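Bear in mind that the values here come from a model prediction, so they are computed numbers and not experimental data. We name chains A, B, ... by the order of the sequence lines, and we start the count at 1 in each one.
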2 protein chains.
Amino acid sequence: MGALNKIDMDDVPVLRTVARPKLTMLSLDTILLGDCISAMQGMPDRSVDMIFADPPYNLQLGGELLRPEGGRVDACDDEWDKFASFEAYDKFTRAWLAEARRVLKDDGTLWVIGSYHNIFRVGAALQDHGFWILNDIVWRKANPMPNFKGTRFTNAHETMIWCSKSEKARYTFNYASMKALNDDIQMRSDWVLPICSGGERLKDDDGHKAHPTQKPEALLYRVMLACTQPGDIVLDPFFGTGTTGAVARRLRRRWIGIEREEKYVRVARTRIASTLPLDESAMQTVPSKRSAPRVAFGVMIETGAIPPGTILTDLKRRWRAEVRGDGTLVADGARGSIHKVGATLQGAPSCNGWTFWHVDGPDGLVQIDEYRQRHLVAAGL
Amino acid sequence: MGALNKIDMDDVPVLRTVARPKLTMLSLDTILLGDCISAMQGMPDRSVDMIFADPPYNLQLGGELLRPEGGRVDACDDEWDKFASFEAYDKFTRAWLAEARRVLKDDGTLWVIGSYHNIFRVGAALQDHGFWILNDIVWRKANPMPNFKGTRFTNAHETMIWCSKSEKARYTFNYASMKALNDDIQMRSDWVLPICSGGERLKDDDGHKAHPTQKPEALLYRVMLACTQPGDIVLDPFFGTGTTGAVARRLRRRWIGIEREEKYVRVARTRIASTLPLDESAMQTVPSKRSAPRVAFGVMIETGAIPPGTILTDLKRRWRAEVRGDGTLVADGARGSIHKVGATLQGAPSCNGWTFWHVDGPDGLVQIDEYRQRHLVAAGL
DNA sequence: TTAGTTCTTGAATCCATGC
DNA sequence: TGCATGGATTCAAGAACTA
């Protein structure tokens, strides 16, 4: 009996990990069913070019959370995300990191994604294992779930850590591709991408989401395009529904996925089997679109462009309002945002405060939108 | 000889930390010259409302050892940012965090800012000390320094961790102010703000920047507006050029700064002395409904605003209920408070009766919360 | 067919007070 | 300390539905 039992020979093979002698050869484009630490123990030293890891976040959620309209939030309360303590989580983290480090080629890189619940512990463990952090990348979600109770800031991002095995490692970074992907401007450490929803979100037979934390393919697309070459081997030790495998296949990279839950493996197999590799020509360049950033009026106050206490007026000086420290306006009989106060004073259903309000200065009336334009220019946006 | 030698009595006093017996009283709006751990040891337990900490980022390893206990470094370069190892940095971090935790009020909050070089170690240490992370906030720099060599992604952000002393702490979060500051949309965990440059950037006599990591006032403005009230005490154990003090003074908060380097203290003193507090009227913020006085629905009946027998309906006129003399409602199959009846009829777990129910009058539907607002205004509340 | 409206949902550490 | 109760609280995207 070998190290792994091959239980399927279809398009996307699935191997069941049984014991742990090292394989002399890697099975590529394959899902290993089992615990990631054991599975990696069966892999040779320095055998993969990149590792993308989306480990449990250890969310530590409380009771159920209700939306304002009464609905229930479908939280990630799965058993695989529960740990007894930070110590238990650290022990688990350091164990899989040790194996990941061993199977990674010396010039390979490791990516880990997490949230504030776990990412600090993961980052500290990485450094303790000798990994050299190259960047921390912020995935700014275009459409995050709001904070329903108004108790904190909207948790609108997740963090990825990108690191090499050592300070001197000669890692792959496709600088030119990243710049091209970003309209010929250097790719920054913050990426704005939508969450995984719509047709991309995999559903089970009941129509429920197949996995609570499926990542968008766009995220993996950018990661893989940045740090690997076609033909490189990408390992994902927390494979889930196989986003890493699907994108690897699309981008003509080789891949290995490890997943403990059989139900996720089934979903991943079907998904990857139906994913088509991109045309080689299509892999050359990728279009991108940059939309104008939204600037809140409050930023004008914070940056000192319009100090609190400033009196604003409309073009015909019919109404006046005073700017408050929190970016709201106060006028005779109205208070609130620049838009709301403008609408109330005029008795109009709505109002664009940016064009309605002006600062009455030495040079006459200056529309506050003028300040916003200056801010955008100064910020290089 | 007292714990601190007062060496200056000007507008912004500077106290030199000498020994460490606890002070019975806090000196406010003051800079303490000395190592932050020693200085905090001279402060009482649970004495400050908020701490903003911008510790050394440990940007370079392999430099000379800086003793965690705080041995002074006289050099004019940035020796304060060098640590011999992660262990040394951790030891230093855990030492100042322990004092910060002791000095912080039980319902106070702590902010720490850092980059990928140090923030993961700081975050893990926070959690190990029992702090409860509320958010990690990404300061997305509008105009970061490019990566000149093209070897990584442009390092375009820094990370702040916001935490309370415990999971159950009742911390201050001015939700309504934050929402107002962001054009009436919940403030997110990613903040786009320019770096500190131009006239705000302090220069020394040679025209060089006075401090290598001066933070923009806009950043502190948002932090302080979010988590403190006017009059609250804000401590900054790594004061530098005193951005925290300047913004605190502007926003009419009290402040304490600790700084080891005399040259930075000089710059900070001049800066803060020339900062003007904002007008009190400009400090008024949007009152939150949670802090508004409670009004029982029965008062609406007692004052005659809504007479018994009035028929209430929801916005879509799907349900009807009749007002009783004691302030309860009676509907088909339900009776009780405005909230309970609304919840029962909808089959919802809960319901805000004030916003659910309406009076169907000559001017159309009027939300009963409208009556409550009128009552509050009339009562001068 | 289209345009407008309503409904659903996403890695979430998500209430405050009084008895 | 636990339980009952009042009543505060949501953004964007895509699908489903309606006129």
So which protein nitrogen or oxygen atoms get under 3.5 Å of nucleotides 17-19 of chain D's nitrogens or oxygens?
none

Rounding to an integer number of Å, can you tell me how far B:D183 CG sits from D:dC11 P?
12 Å
Check every strand shown and say whether B:S337 touches a base, only sugar-phosphate, or nothing at a heavy-atom separation below 4.0 Å.
sugar-phosphate
What nucleic acid atoms does B:R294 come within less than 4.0 Å of, heavy atoms only: base, sugar-phosphate, or nothing?
sugar-phosphate
Run the salt-bridge test on A:K263 and A:D204 with the 4.0 Å N-O cut-off and return the result as yes or no.
no
Under 4.0 Å between any heavy atoms, over every strand shown, what does B:R372 touch: base, sugar-phosphate, or nothing? Just pick one.
sugar-phosphate
What residues from residues 168-177 of chain B pass a heavy-atom cutoff of under 4.0 Å to DNA chain D?
B:Y175
Round to the nearest Å and state the distance from B:L329 atom CG to D:dT5 atom P.
16 Å
Report yes if at least one side-chain N or O of B:H339 is closer than 4.0 Å to OP1 or OP2 of D:dG7; otherwise report no.
yes
Whether each nucleotide of nucleotides 5-13 of chain C has a protein heavy atom under 4.0 Å at its base (B), only at its sugar-phosphate (S) or at neither (-) is summarised, 5' to 3', as ----BBBBB
How far, in whole Å, is C:dG10 from D:dA8 if one measures between their C1' atoms?
22 Å
Using atom P of each nucleotide, how far apart are C:dC19 and D:dG7 to the nearest Å?
15 Å
With a 4.0 Å cut-off on heavy atoms, is A:A142 in touch with a base, just the backbone sugar-phosphate, or nothing at all?
sugar-phosphate
Step through the shown structure and confirm whether more than 12 heavy atoms of other residues, nucleotides or ligands are within 6.0 Å of NZ on B:K340.
no
Given the C1' atoms of C:dT1 and D:dC17, what is the spacing between them in whole Å?
15 Å
